[in-house]
A.B. asks: 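This is the structure I have questions about; it appears just below.
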Amino acid sequence: MSQTSNQKIINNLKTKSMGSTGSGNFTDYQGFSGGDSKQGGESLENKCNRAFRTELEDVDSSQYFSSKQHLPNVNTEAIIEFNGHRIVALIDNEEIGNLPTKYNYLRQCLTENTYSGLVSNTSTTPINSIIINVSPNA
């Protein structure tokens, strides 16, 4: 690259905003609220009422796969519970996998709501994987 190309890139980077747009305070995070209305803080949106789709973790080491040696069929219903360590999906009381930790907020939601899932996709390559659609029960 020529010196002028490098200089253009550097000047462009100096004028662009990069990274987070937060204030650098704890009030940027869920659960922390500040007195200043310009700061972040707790959202009024109730995450507990959201439906979502996710790929399960630790499918190969799950109770279900260990005992049956195959993945569940598509359209099989699962329930979502907290097992004392992780939020898990179960079929016939056997864990089929863990929900990613970004869904740990469900632990609090499970005190007032129940959730079910539907297996929407499975794959054995390159590793065993299960995708489920999860929604709160009415």
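Basis for what follows: all heavy atoms, side chains included, without hydrogens, waters or symmetry-related copies.
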A.B. asks: Considering residues, nucleotides and ligands other than Asp92, do more than 12 of their heavy atoms fall under 6.0 Å from its CG?
C.D. replies: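 Atom CG in Asp92 is not crowded, with 12 or fewer foreign heavy atoms closer than 6.0 Å.
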A.B. asks: Hey, are Glu94 and Ser67 close enough side-chain-wise for a donor-acceptor pair under 3.5 Å?
C.D. replies: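 A donor-acceptor contact under 3.5 Å links the two side chains.
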A.B. asks: Kindly compute the distance separating CG (Asn137) from CD1 (Ile80), expressed to the nearest 0.5 Å.
C.D. replies: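 CD1 of Ile80 is found 9.5 Å from CG of Asn137.
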A.B. asks: Specify the closest pair of heavy atoms between Ser66 and Asp60, including all atoms of both residues, with the distance to one decimal.
C.D. replies: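 In this case the closest contact between Ser66 and Asp60 is OG-O, 4.2 Å.
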A.B. asks: Taking CZ in Arg107 as the centre, count heavy atoms belonging to other residues, nucleotides or ligands within less than 6.0 Å. Is the count above 12?
C.D. replies: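 Open.
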A.B. asks: Asn73 and Val119: side-chain contact (heavy atoms from CB on, under 4.5 Å), yes or no, with the steps?
C.D. replies: CA-CA 7 Å; Asn73 293 324; Val119 175; over 6 Å; no
A.B. asks: Does Glu57 pair with Arg86 as a salt bridge, N-O distance under 4.0 Å?
C.D. replies: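 Arg86 and Glu57: salt-bridged.
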A.B. asks: Closest approach of Tyr115 and Cys109, non-hydrogen atoms and distance?
C.D. replies: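 Scanning both residues, the minimum pair turns out to be OH-CB, 3.2 Å.
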A.B. asks: Tell me, do Leu90 and Glu81 make a side-chain contact under 4.5 Å, heavy atoms counted?
C.D. replies: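 Yes, side chains in contact.
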A.B. asks: Side chains of Ile132 and Leu56, heavy atoms from C-beta outward: is any pair under 4.5 Å?
C.D. replies: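 Yes, at least one pair of side-chain atoms sits under 4.5 Å.
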A.B. asks: Within the supplied structure, the quantity of interest is the number of heavy atoms (other residues, nucleotides, ligands) at a distance under 6.0 Å from Gln69 CD; does it exceed 12?
C.D. replies: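 Correct, the count exceeds 12.
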A.B. asks: Work out which heavy atom in Ser129 is nearest to a heavy atom in Glu55; give both atom names and the distance.
C.D. replies: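 So the two residues come closest at CB-OE2, 3.1 Å.
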A.B. asks: Using side chain to side chain contact (heavy atoms under 4.5 Å, CB included) as the criterion, list what pairs up with Asn93, not counting sequence neighbours.
C.D. replies: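 Not a single residue meets the side chain to side chain contact (heavy atoms under 4.5 Å, CB included) criterion with Asn93.
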A.B. asks: Val88 and Leu99: which non-hydrogen atoms are nearest, and at how many Å?
C.D. replies: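 So the minimum-distance heavy-atom pair works out to C-CD1, 4.0 Å.
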A.B. asks: How far does CG of Asp58 sit from CG of Asn128, to the nearest 0.5 angstrom?
C.D. replies: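 Going from CG on Asp58 over to CG on Asn128, the span is 12.0 Å.
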A.B. asks: What distance do Ser135 atom OG and Asn113 atom CG have between them, rounded to the nearest 0.5 Å?
C.D. replies: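 Those atoms lie 11.0 Å apart.
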A.B. asks: Would Leu118 and Ile91 show up in the same hydrophobic cluster when neighbours are defined by side-chain heavy atoms closer than 4.5 Å?
C.D. replies: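 No, separate clusters.
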A.B. asks: side-chain contact (heavy atoms from CB on, under 4.5 Å) for Ile130 and Asn121? Distances and angles first, verdict last.
C.D. replies: CA-CA 6 Å; Ile130 300 171; Asn121 192 11; over 6 Å; no
A.B. asks: So, for Ser123 and Leu71, which heavy atoms are closest and what is the spacing to 0.1 Å?
C.D. replies: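 Smallest interatomic distance, heavy atoms only, reads O-CD1, 3.4 Å.
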A.B. asks: Could you tell me the separation between the CG atom of Asn133 and the CZ atom of Phe52, rounded to the nearest 0.5 Å?
C.D. replies: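 One gets 9.5 Å once the value is rounded to the nearest 0.5 Å.
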A.B. asks: Taking only residues two or more places apart in sequence or in another chain, which ones pass side chain to side chain contact (heavy atoms under 4.5 Å, CB included) with His85?
C.D. replies: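 Expected list: Asn83.
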A.B. asks: Test your reading of the model: is there a side-chain donor-acceptor pair from Ser120 to the backbone of Ile131, 3.5 Å cut-off?
C.D. replies: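 Flag set: sc Ser120 to bb Ile131 pair under 3.5 Å.
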A.B. asks: Which atom pair, heavy atoms only, marks the closest approach of Tyr64 to His70?
C.D. replies: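 Minimum heavy-atom contact is CE2-O, 3.4 Å.
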A.B. asks: Under a 4.5 Å cut-off applied to non-hydrogen side-chain atoms, are Ile87 and Asn104 in contact?
C.D. replies: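 Counting from C-beta outward, Ile87 and Asn104 do come under 4.5 Å.
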